[in-house]
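Read through the structure below, which is laid out as structure tokens, and then see the notes.
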Amino acid sequence: MWLGLLVVITTFVYIYSEPLNNILQSLDVEIAYKTIFLLQNQNNSLCWNQTDFEETVPILNFNASESVYLKDSFNSKILVLVCLDKSENEAMEDLFKNLDDMRDTHTILFAASEVKINALFLKCFEEKMLNVLAFKGSDRSIVYSYQAFPAFRFIKRKVTHINTYFEPQLKDLGGYTLKILPDNIMPRTVAYRTPDGRRQLGGYLWHFIRNYASTLNATLKICWDLVPEEGMTHLAMVIQLAKMAGVDFPLGIDGLDLETAKQNVPLEMSSWFLMLPMEPSIPRYRLVQRLRLESMIPLMMLVAVALGNAHRIEAGLGPSWRSFVIGDQALRGTLGQPFVLPRRLSLKLMTIYGMLLIGGFFMSNYYTAVLETWLVHPPTGDPINSWQQMRSLNLKILVIPAEKEYMTEAMGLEFMDTHRNMLEITNSADFQRKRMQMDQAYAYPVTTTLWPLLEQAQVRLQRPIFRRSREIVFVDLLLLTMSLPENSPFHKSLLKYRRNTQESGLYVNWFKRSFNELRALNKICYKTDSDIEVYCDLKWDDFYFIWIAFVIGTLISILGFLLELGYYRWSLRRTPK
């Protein structure tokens with residue numbers, strides 16, 4: 001009797017159980033898998049038959065003792081089927097190894113009982129595997145799953161009542177608390193205290209992660225006890241601390257040749273270069289010197305010689321180097337002034353005078369325009385384009401120890417040994433304070449993340465006090481990423497959210513607002529000219545070189561006059577009466 005009843009129950013279950021091939025077809029529509037990965041302890045599995053799989057779908061059949069890193073070998077659209085027997089613990093360990101860095105892979109477990117399925121789900125939850133289903137033995141009528149957030153919950157569903165096998169785990173976290181760890185590097189994350197003494201966090205990366213958490217209906221907790229109140233913590237230390245404390249989001253981005261986890265979220269394209277103090281303006285008394293008028297003297301002499309010989313040839317005389325008598329004519333033409341001609345000259349000579357007059361007209365106007373422009377906007381000194389110029393000016397680069405290590409990796413050990421005396425090491429708090437206040441005593445390494453804010457701080461200046469160096473660049477192209485903990489379940493979700501925020505302009509908006517946020521926190525301010533006059537009349541000192549030239553010219557003229565006078569008297573004495 002009992003045997004007959006058992007046969008009836010078994011037949012009933014078989015009739016109302018969904019065949020595995022039908023389930024796989026439904027999953028193909030739902031998740032569009034491209035490959036099936038089978039993990040079992042025996043070659044002949046009791047959990048499925050070969051007829052359950054379609055011939056068009058590739059099948060990877062591995063024993064539990066075999067291990068392969070799937071992420072570097074196959075596409076990510078894999079459906080994993082795991083057949084568990086007595087050595088289920090070893091099989092699960094192998095499963096976790098095979099799905100390293102891709103724990104979000106859709107997985108189906110075949111276990112012996114509900115108790116074991118519940119225990120297996122707990123292990124999967126601990127190992128951050130959320131997309132997991134299970135079947136009990138050969139029964140396909142009930143599918144088992146679990147809800148991860150806000151608390152673990154075991155779920156049983158009838159296959160005939162299912163619309164979606166893999167329910168999204170990150171759709172609603174129900175207020176689950178996510179831990180974040182800021183790096184306190186402005187403007188990405190900015191730690192400060194409110195008037196009542198409470199520690200708060202700002203910066204565009206904070207707004208990014210806070211809005212992401214709101215889309216998941218999650219609560220954020222900042223691990224203040226792991227980071228100092230003053231100074232920044234670089235990403236390597238942030239990741240290390242996050243691993244020890246079970247932090248969900250190490251809130252920092254970096255890309256300076258740092259070995260990070262494979263699960264990272266690219267956020268920005270940047271470069272790493274040197275921010276240099278602007279070269280001082282040239283004093284106005286040196287503007288005439290920079291016009292390089294002395295380079296015109298040889299040309300004026302040559303033109304004077306040519307015109308003098310042209311006059312001699314036209315008068316029937318031979319060429320001679322003693323033709324400075326018409327130097328006044330050449331000087332007039334160079335200055336764009338009209339000539340006083342004693343008589344009508346030949347067409348060729350008039351053509352030469354005309355070209356000289358036109359050339360001198362444009363040249364004199366050009367120098368006048370340049371001089372007037374320089375009087376209003378004085379040019380700067382020679383720009384710093386090399387390390388040698390920095391060394392000659394004794395300009396130091398302020399860095400922190402971590403950035404010195406990155407700089408060594410980027411530039412090479414030999415280069416750093418040569419220029420070691422140009423670096424000044426300081427702590428992170430002093431470095432950030434001086435860089436944000438733009439202390440002109442140093443040059444600073446910056447990325448294109450921070451530079452737009454420092455440019456904005458200088459818009460009210462008549463002339464910027466810092467400039468971006470196009471010649472001294474440490475890393476030309478830098479991919480800045482947020483590195484998540486190993487096997488983070490939020491990796492793909494955060495990637496999708498990052499794409500949406502950047503395409504919608506929301507990320508850029510947070511970045512632009514960070515300047516006003518830093519201003520409100522007194523971390524940065526607009527630089528203003530305090531002792532620079534908007535307009536200043538020409539002073540005696542502005543004609544320094546002109547007065548020198550005038551005095552020297554006057555002395556030479558007096559000396560020439562005295563020599564001429566002496567020569568004249570000497571000639572009278574030698575002349576016979």
Under the salt bridge (Lys or Arg N to Asp or Glu O under 4.0 Å) rule, what do E517 and K523 come out as? Steps first, then yes or no, please. CA-CA 9 Å; E517 187 175 7; K523 300 291 184 179; over 6 Å; no
For I155 and Y144, run side-chain contact (heavy atoms from CB on, under 4.5 Å): C-alpha distance rounded to whole Å, both residues' side-chain angles, the deciding distance at 0.1 Å, then the answer. CA-CA 6 Å; I155 300 174; Y144 299 87; over 6 Å; no
Salt bridge (Lys or Arg N to Asp or Glu O under 4.0 Å) between K97 and D100, worked out: CA-CA 5 Å; K97 291 179 182 178; D100 198 21; over 6 Å; no
Take D430 and R433 through the salt bridge (Lys or Arg N to Asp or Glu O under 4.0 Å) test and state the conclusion after the steps. CA-CA 5 Å; D430 181 63; R433 178 177 54 82; 2.4 Å; yes
For V143 and L133, what are the C-alpha separation, side-chain angles and deciding distance, and is it a side-chain contact (heavy atoms from CB on, under 4.5 Å)? CA-CA 7 Å; V143 60; L133 302 178; 4.0 Å; yes
Starting from the C-alpha separation in whole Å, work towards a yes-or-no answer on salt bridge (Lys or Arg N to Asp or Glu O under 4.0 Å) for R157 and E167. CA-CA 12 Å; R157 294 176 296 166; E167 295 289 344; 3.5 Å; yes
Let's go through V446 and R468 carefully: what are the C-alpha distance in whole Å and the side-chain angles of both, what is the deciding distance for side-chain contact (heavy atoms from CB on, under 4.5 Å) to 0.1 Å, and is it a yes or a no? CA-CA 9 Å; V446 296; R468 172 180 178 174; over 6 Å; no
Taking it one step at a time, do F431 and L398 satisfy side-chain contact (heavy atoms from CB on, under 4.5 Å)? CA-CA 7 Å; F431 173 78; L398 193 66; 4.1 Å; yes
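Formation of a donor-acceptor pair under 3.5 Å by the E127 side chain with backbone atoms of C124 is not found in this model. Formation of a donor-acceptor pair under 3.5 Å by the R188 side chain with backbone atoms of N184 is not found in this model. No donor-acceptor pair under 3.5 Å is formed between the side chain of Q147 and the backbone N or O of F152. Not one N or O on the side chain of S271 forms a donor-acceptor pair closer than 3.5 Å with the backbone of L477. Using a distance-only test at 3.5 Å, with no hydrogens or angles considered, no donor-acceptor pair links the side chain of H491 to the main chain of L484. T194 places a side-chain N or O within 3.5 Å of a backbone atom of R198 that can act as its donor or acceptor partner. Checking side-chain atoms of S488 against main-chain N and O of P485 turns up no donor-acceptor pair under 3.5 Å. Side chain of R435 to backbone of P445: a donor-acceptor contact under 3.5 angstrom is found. In this structure a side-chain-to-backbone donor-acceptor pair under 3.5 Å is missing from N487 to R103. For the pair N131 (side chain) and D104 (backbone), a donor-acceptor distance under 3.5 Å is present.
Looking at every heavy atom in both residues, P489 comes nearest to L170 through O-CD1, 3.3 Å. Residues P250 and D248 share a closest heavy-atom pair of CD-O, 3.9 Å. Of all heavy-atom pairs between L27 and Y33, the closest is C-CE2, 3.8 Å. Between L453 and T449 the shortest heavy-atom distance is CD1-O, 4.1 Å. Between W510 and N211, the shortest heavy-atom distance links the atoms CZ2-ND2, 3.4 Å. Looking at every heavy atom in both residues, Y146 comes nearest to L130 through OH-CA, 3.5 Å.
Counting heavy atoms from C-beta outward, L478 and T448 have side chains that stay 4.5 Å or more apart. Two residues are said to be in side-chain contact when any heavy atoms from C-beta on lie closer than 4.5 Å; K34 and I78 fail this criterion. C223 is not listed as a side-chain neighbour of I180, based on a closest heavy-atom distance of 4.5 Å or more. By the 4.5 Å heavy-atom criterion applied to side chains, M186 and L518 are counted as neighbours. With contacts defined as side-chain heavy-atom distances shorter than 4.5 Å, the pair P187/L450 qualifies. Side-chain contact between I31 and F166 is present, with heavy atoms from C-beta onward closer than 4.5 Å. When side chains are defined from C-beta on, M92 counts as touching L95, because their heavy atoms get closer than 4.5 Å. Put simply, the side chain of S145 does not reach to within 4.5 Å of the side chain of V132, judged on heavy atoms.
Ring pair F466/Y444 is tilted by interplanar angle, where 30° to 60° counts as tilted. Between F121 and F154, the ring planes lie tilted relative to each other; the angle falls in the 30° to 60° range. Ring geometry for W272 versus F474: interplanar angle of 30 to 60°, hence tilted. Relative orientation of the W451 and F273 rings is perpendicular, given thresholds of 30° and 60° on the angle between their planes.
Checking T189 against D183 by side-chain atom types alone, a donor-acceptor pair falls below 3.5 Å. In this structure, a donor-acceptor pair under 3.5 Å is present between the side chains of Y212 and S493. Side-chain polar atoms of E30 and Y165 form no donor-acceptor pair below 3.5 angstrom. Using modelled atom types, one finds a donor on one side chain and an acceptor on the other under 3.5 Å when comparing N421 with R391. When only modelled atom types and interatomic distance are considered, Q458 and Y526 share no side-chain donor-acceptor pair under 3.5 Å.
Under the ring pair (Phe, Tyr, Trp, His ring centres under 6.0 Å) criterion, Y204 pairs with Y507, F511, sequence neighbours left out. Evaluation of the ring pair (Phe, Tyr, Trp, His ring centres under 6.0 Å) rule for Y176 yields F149 as partners, not counting sequence neighbours. Remark: F135 pairs with F110 by the ring pair (Phe, Tyr, Trp, His ring centres under 6.0 Å) rule, at least two apart or across chains. The ring pair (Phe, Tyr, Trp, His ring centres under 6.0 Å) search around F415 returns W387, H419, not counting sequence neighbours. Annotation: side chain to side chain donor-acceptor pair (under 3.5 Å) contacts of K396 (sequence neighbours excluded): none.
Considering NZ of K527 and CZ of R460, their distance stands at 12.5 Å, rounded to 0.5 Å. One distance of note links NE2 of H207 with CG of N509; it measures 9.5 Å at 0.5 Å rounding. Annotation: the span from R498 atom CZ to L267 atom CG amounts to 7.0 Å, rounded to 0.5 Å. From R140, atom CZ reaches atom CD1 of I23 across 6.5 Å, with rounding to the nearest 0.5 Å. Atom-to-atom distance recorded for L201:CG and L251:CG is 6.5 Å, nearest 0.5 angstrom. Here M482 contributes atom CE and L494 contributes atom CG; the two are 6.0 Å apart, rounded to the nearest 0.5 Å.
Screening residues 214-227 for side chain to side chain donor-acceptor pair (under 3.5 Å) gives D172-N217 as the qualifying pairs, with residues at least two apart or on separate chains.
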